[in-house]
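In what follows, a single structure is set out as structure tokens and then discussed.
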Amino acid sequence: MRYKLTFVVGLALGYVVGTRAGRERYEQMKKSATELAQNPAVRNAAESAAQTGRQVAGKAAHVVGDKVGDRLPASVTDRFHALSGRGGANGKVEEDDWGTSNT
């Protein structure tokens, strides 16, 4: 109950502050956020962080797959290997349930 009350108070406070700031302040903050997002230094840093994250996630997936892969049912292991780029039981890339592949 305490957390619900805290959430409601925070929501009410945000609403009051937002309505007092008005549309002009909202547009000013939106413009600043857009300029920041389009800054080349910010874009380079974001891309670098994303690339590093993908590399770390890939390494972690391989480590986890190697360590727990033999403890999982074959159907799960084959799907994991197919989605992580190692190919399934037949060695080719397969689509997942959403119609996407790892290409």
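These numbers come from a predicted model, not from an experiment. Basis for what follows: all heavy atoms, side chains included, without hydrogens, waters or symmetry-related copies.
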Check side chain to side chain donor-acceptor pair (under 3.5 Å) between Glu27 and all other residues, then give those that pass, not counting sequence neighbours.
Arg23
Return each pair, listed once, that meets salt bridge (charged side-chain N to carboxylate O under 4.0 Å, His left out) where at least one residue sits in residues 46-56; pairs must be two or more places apart or across chains.
Glu47-Arg54
Once side-chain hydrogen bond (donor to acceptor under 3.5 Å, both in side chains) is applied, what residue pairs with a partner in residues 28-42 remain, sequence neighbours excluded?
Arg25-Gln28
Does Asn44 offer a backbone N or O that forms a donor-acceptor pair with the side chain of Ser48 under 3.5 Å?
no
